[in-house]
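A quick write-up on the structure given underneath.
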Amino acid sequence: MVKINQLDENLNIEGKRVLLRVDFNVPINDGAITEDSRIERILPTIKSLINKKAKIIIIAHLGRPKGKIVPELTLKPIAKKLSNYLNQDVVFLNESIGSLAIQNSKKIPNGKIMLLENIRFYKEEELNSVSFAKELSKMGDIYINEAFPCSHRAHTSVCEITKHINSYAGKQLLEEVKVIKMLTDNATKPITCIIGGSKISTKSGVLINLIKKMQNIVIVGAMANTFIKHQGYNIGQSIFEKKQENLIENIIQEFKKNNCNLLLPEDVITSKNYNSKGVLKSLDQINDDDLILDIGEKTIQSISKVIDESKTILWNGPVGYFEVDEFSLGSKKVANKISENTKTKSLVSIAGGGDTVAAINKFKCSSGFTYLSTAGGAFLELLEGKVLPGIKALEIN
Ligand code: 3PG
Ligand code: MG
């Protein structure tokens, strides 16, 4: 059993500089944060450090500036949000390394916070650079990784840094890992996974791992279109992935070999474009100019039945184009059904991925889920059974 280094709750960190890596990669539109669950989720960790009177230096990234200063990707709006949440000033520093940053880290009063500018403005961040890690580590006495959503990246402030400073896993990160491991290692059966997304090629690894562990897998969203086309139906103008015939055949074989049920849409809602009315169609009624944008009533019923038969549910990927109300009924019904059964039938329900969580929030079902992961890529890679570099870096050898 590998052990992850955890911070002893009783360790006195008063006056110590805690370098806290978080994931504040939240959607920002015109300087306004449109969804902030990643920030909210980290608040208990920050508050606990405030209570312990540590000097808190936060490292985070936003978007993919690729080593360049991109003004729209500044973390300034996040400093403001954080300061509102915590009811205290959050000092924002334009530079994330160098003598000024080190000096400032020492000047932070106990229990106060300094947020460093987007760490991805430095090209060294994505290079897992030794010299950059050494520089960063000079700003702290200890380091805590509370950034589960980017722990699948071998980046400096997630990986290499742990070699140069006493490093620990944050509580939120450990919780994410625990829930995902439970799903693949000892969840109560029958387990059902509802999986969507656009590309089968990027999700085949996770699918093949889950087929071995779960009793039912429901494939929805654009990923299902590739399967529907493979079944010989016309999918019109719908999004699908070309040249995946062999992969699909392999996946279908895996389902058979492992006695796992595969559920695909039986009927769909189509439209001529994203703004027109939706029409309910059976799979053999789809026209050349149709777009599949949601699942139909029959499919909703089949999915509801499987949810009723399940003890554990994993959901990643909305079932339709839920952003537009006309095509949101499938996702809404699925979110409601899972949430209802979690409340009344002790179903264990876990969802992850930005779009899925956004859909669950849109339908006001978040309180009905056992656990919502804040991660997308990291969530899927851990489900796939991969070793995440950021977690590996925190192991006790
Ligand atoms: C995410 O939002 O998935 C994480 O913050 C990682 O970001 P990235 O996919 O740009 O590396
Ligand atoms: Mg990502």
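Indexing begins at 1, ligand by ligand and atom by atom, following the structure's order.
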Could you work out the complete set of other residues in the hydrophobic cluster of F363, with links drawn between I, L, V, M, F, W and Y side chains under 4.5 Å apart? F322

Y122 and F132 aromatic centres sub-6.0 Å: yes

Apply side-chain contact (heavy atoms from CB on, under 4.5 Å) to the pair K213 and D185, showing each step before the final yes or no. CA-CA 8 Å; K213 301 176 188 244; D185 298 349; 4.3 Å; yes

Just to verify, what does K229 make a side chain to side chain donor-acceptor pair (under 3.5 Å) with, not counting sequence neighbours? none

Reference residue N234; test side-chain hydrogen bond (donor to acceptor under 3.5 Å, both in side chains); the match among N287, D288, D284: D288

Provide the full list of ring pair (Phe, Tyr, Trp, His ring centres under 6.0 Å) pairs with a residue in residues 53-104, sequence neighbours left out, each pair given once. none

Tabulate distances under 3.5 Å between N/O atoms of ligand 1 and N/O atoms of the protein, writing both atom names on each line.
| unit_1 | atom_1 | unit_2 | atom_2 | d |
| --- | --- | --- | --- | --- |
| ligand 1 | 2 (O) | N25 | ND2 | 3.0 |
| ligand 1 | 2 (O) | R38 | NH1 | 2.9 |
| ligand 1 | 2 (O) | R38 | NH2 | 3.3 |
| ligand 1 | 5 (O) | D23 | OD1 | 3.3 |
| ligand 1 | 5 (O) | D23 | OD2 | 2.6 |
| ligand 1 | 5 (O) | N25 | ND2 | 3.1 |
| ligand 1 | 5 (O) | H61 | NE2 | 3.0 |
| ligand 1 | 9 (O) | R64 | NH2 | 2.7 |
| ligand 1 | 9 (O) | R153 | NH2 | 2.8 |
| ligand 1 | 10 (O) | R64 | NE | 2.7 |
| ligand 1 | 10 (O) | R64 | NH2 | 3.3 |
| ligand 1 | 10 (O) | R120 | NH1 | 2.9 |
| ligand 1 | 11 (O) | R120 | NH2 | 2.9 |
| ligand 1 | 11 (O) | R153 | NE | 2.5 |
| ligand 1 | 11 (O) | R153 | NH2 | 3.3 |

